[in-house]
Amino acid sequence: MFSRRLVLSGAFVAAAVAFTLAIPPALHAAEPLKVGILIPGSKSDKGWMESGYDGLVAAQKKYGDKIKVQMIENINYADMDQALTNLATKNDLVIGVGGQTQASVYKIAKRFPKVKFSIVGGNEAESLPNVAGYDVKQAEIAFAAGAAAAMLSKNGAVSYVGGLEIPSIVNAGKEFGNGAKYINARIKYFENYTGDFDDVAKSKEATLAAIAQGADVHYHILNLGLRGMEQAAKDKGTHIIGSYTDRCGSDPLYVAYSITGVGFQVQYAIDQAVTGAWKPGYKEFGLQMGPQASDMIMCNGTPEQKVKLDAIKKDILAGKIKVLKG
C-alpha cells in the first residue's frame with residue numbers, strides 16, 4: 001500500500017537487474033491498482049466525508065497490497081481542478097467524494113482519457129467513456145427521514161439545514177418535508193441553506209431559528225457544519241436525525257440515522273476497478289441496492305413506528321411513493 005525507495009549500487013544493481021530479467025513474466029507480481037481519492041471536506045466530519053473515508057479504509061483492509069492509495073483531503077473549491085489533476089497524473093482510478101466534485105471531474109477527465117473517474121454522489125450528466133457517476137439518491141431516503149422525524153417530534157415541528165443550494169441538496173430538503181407531511185399533514189416544516197457545508201456558525205444560526213419556531217427534530221446535509229447544528233440542539237434540548245452512517249447509541253442527541261452509503265460507493269468503485277468490471281455511466285444506488293447503500297434507522301422508535309417506516313421504504317421501492325431525483 002505504501003512504497004519505499006531502495007538505493008542499490010554497483011555490482012548488486014547489475015545482479016538485481018539480471019535476476020529480474022531472468023524471471024519469466026508470468027512470475028512477476030501484479031502491479032497494485034493505484035487509487036486517487038479526493039475528499040473535499042474533513043474525513044472526521046461525522047457526515048458525508050467521513051463515510052467516504054470509512055469506505056476507503058474498508059477497501060484498504062480488504063485488498064491490502066493490491067491497491068495503493070493517494071488521498072487529498074479538505075481543499076477549497078478553487079483548488080479542486082488542481083487536486084484532481086494531481087491525482088490523475090499518478091493513478092489508475094480517481095474518486096471524487098461528493099457531487100461538488102462533479103464539474104471538475106468532467107473537466108479533468110477529458111484531459112486524462114486513460115484514467116477512470118468515479119463520482120460518489122454524481123448526478124446524471126454528459127456521457128464520457130472514462131467517467132462513472134454514482135447517485136446515492138439522497139432525496140429518496142430524505143423522504144423516509146422526514147417521516148421518522150414527524151413520528152419522533154413532540155412539538156409537531158421539524159427542520160432541515162442544507163449546505164450548498166444545488167439541486168440534489170434542495171431536492172432532499174423538499175422530500176424531507178414531504179415525508180414529514182406524509183405522517184402529519186399539519187406539521188410545521190422549516191428549511192434553510194447555509195451556502196457552505198462546513199460553516200458551523202451559519203448552521204447553528206439556522207437551527208436556532210427553527211427551534212425558536214418550535215422545531216424539535218432536525219435533519220441535515222452538512223459536513224463540518226453539523227457541529228453548529230449539534231451545538232444548537234444540545235443547548236436547546238432538541239434532537240437530530242444523523243446522516244450517512246448508523247451510530248445509534250453513540251450520542252443521545254441523535255434519535256435516528258439515514259444511511260446514504262457514501263462509503264459503500266467508494267468501495268464499489270474500487271471493487272469494480274480491481275476486478276476489471278468497472279464501467280462508465282450513471283448508476284443509481286438508493287434503497288434498491290440494499291441496506292448498505294440506503295436505509296433509515298430509528299434508534300429507539302416504538303415497534304409501531306418501525307413497522308410504519310418499513311412500509312414507507314417498501315412503498316418508495318415499489319413506486320407507490322414518488323420522490324424527486326437527487
Side-chain angles (χ1 to χ4, degrees), residues 33 35-64 66-67 69 71 73 93-102 105 116-124 131-145 168-169 172 197 219-223 226 241-248 250 254 256-297 310 313 316-317 323 325-326:
L33 176 78
V35 179
I37 184 165
L38 174 60
I39 296 180
S42 168
K43 68 178 186 292
S44 56
D45 66 356
K46 293 174 69 175
W48 181 286
M49 301 299 162
E50 185 167 338
S51 177
Y53 179 70
D54 289 345
L56 174 64
V57 171
Q60 288 178 304
K61 184 176 180 180
K62 178 178 179 179
Y63 290 112
K66 291 182 180 179
I67 65 172
V69 174
M71 182 178 76
E73 176 200 9
L93 170 69
V94 173
I95 303 171
V97 180
Q100 63 266 49
T101 70
Q102 181 159 317
V105 164
K116 298 176 177 68
F117 292 81
S118 290
I119 307 164
V120 173
N123 297 319
E124 195 165 9
V131 177
Y134 306 144
D135 187 350
V136 300
K137 302 194 79 171
Q138 291 183 106
E140 178 184 77
I141 205 61
F143 185 99
S168 60
I169 309 303
F197 292 111
Y219 188 57
H220 73 93
I221 296 183
L222 297 166
N223 295 332
L226 175 59
I241 292 179
S243 296
Y244 315 119
T245 302
D246 177 8
R247 293 189 173 91
C248 279
S250 64
Y254 289 84
Y257 287 90
S258 69
I259 310 302
T260 41
V262 179
F264 178 77
Q265 291 182 41
V266 169
Q267 288 181 261
Y268 179 88
I270 295 171
D271 284 342
Q272 295 291 292
V274 168
T275 61
W278 186 95
K279 293 180 181 179
Y282 171 73
K283 182 176 179 62
E284 292 183 334
F285 282 70
L287 290 168
Q288 66 180 355
M289 291 290 283
Q292 283 186 295
S294 186
D295 203 359
M296 187 66 227
I297 310 294
D310 285 343
K313 289 185 285 187
I316 292 172
L317 269 175
V323 297
K325 284 256 187 187

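Remember, it's a predicted structure, so these values are computed and weren't measured experimentally.
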Query - Test: Lys325 and Asp135 ion pair at under 4.0 Å - result: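 No, Lys325 and Asp135 are not salt-bridged.
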What's the spacing between [X] [atom1] and [Y] [atom2] if we round to 0.5 Å?
| X | Y | atom1 | atom2 | result |
| --- | --- | --- | --- | --- |
| Glu124 | Glu284 | CD | CD | 7.5 Å |
| Ile270 | Ile37 | CD1 | CD1 | 6.0 Å |
| Tyr244 | Asp54 | OH | CG | 13.5 Å |
| Leu222 | Lys46 | CG | NZ | 12.5 Å |
| Ile316 | Lys137 | CD1 | NZ | 9.5 Å |
| Asp45 | Asn223 | CG | CG | 4.5 Å |

**Report entry** Lys62 vs Asp271, side-chain contact (heavy atoms from CB on, under 4.5 Å): CA-CA, chis, key distance, verdict
**Finding:** CA-CA 10 Å; Lys62 178 178 179 179; Asp271 284 342; 3.2 Å; yes
For [X], give me all partners under side chain to side chain contact (heavy atoms under 4.5 Å, CB included), at least two apart in sequence or on another chain.
| X | answer |
| --- | --- |
| Thr101 | Leu38, Pro40, Met80, Val105, Ile119 |
| Gln272 | Tyr268, Ala277, Trp278 |
| Ser258 | Ile141, Tyr219, Ser243, Met296 |
| Lys43 | Tyr53, Met71, Glu73 |

Least distance between heavy atoms, [X] atom then [Y] atom:
| X | Y | result |
| --- | --- | --- |
| Val262 | Ser51 | CB-OG, 3.5 Å |
| Leu93 | Ala269 | CD2-O, 3.7 Å |
| Gly121 | Gln265 | N-OE1, 3.9 Å |
| Ile297 | Cys248 | CG2-SG, 3.9 Å |
| Ile169 | Gln138 | CD1-NE2, 4.0 Å |
| Ser42 | Met49 | O-CB, 3.0 Å |

Decide yes or no for [X] and [Y]: does some side-chain heavy atom of the first lie under 4.5 Å from some side-chain heavy atom of the second?
| X | Y | answer |
| --- | --- | --- |
| Ser294 | Phe285 | no |
| Leu317 | Gln288 | yes |
| Leu287 | Glu140 | yes |
| Tyr257 | Asp295 | no |

Query - Residues in ring pair (Phe, Tyr, Trp, His ring centres under 6.0 Å) contact with Phe117, at least two apart in sequence or another chain - result: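 Per chain and number, Phe117 pairs via ring pair (Phe, Tyr, Trp, His ring centres under 6.0 Å) with no residue.
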Requested in this report: May I have the step-by-step check of side-chain contact (heavy atoms from CB on, under 4.5 Å) for Trp48 and Val136, ending in yes or no?
Outcome: CA-CA 11 Å; Trp48 181 286; Val136 300; 3.8 Å; yes
Query raised in the report: Would the number of heavy atoms belonging to other residues, nucleotides or ligands and lying under 6.0 Å from CD of Gln292 be above 12?
Result: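 No, the 6.0 Å shell around CD holds no more than 12 heavy atoms from other groups.
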Requested in this report: Write out all pairs satisfying salt bridge (charged side-chain N to carboxylate O under 4.0 Å, His left out) with one or both partners inside residues 259-268, taking only residues at least two apart or from two chains.
Outcome: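 Checked against salt bridge (charged side-chain N to carboxylate O under 4.0 Å, His left out) - neighbours excluded - no pair reaches residues 259-268.
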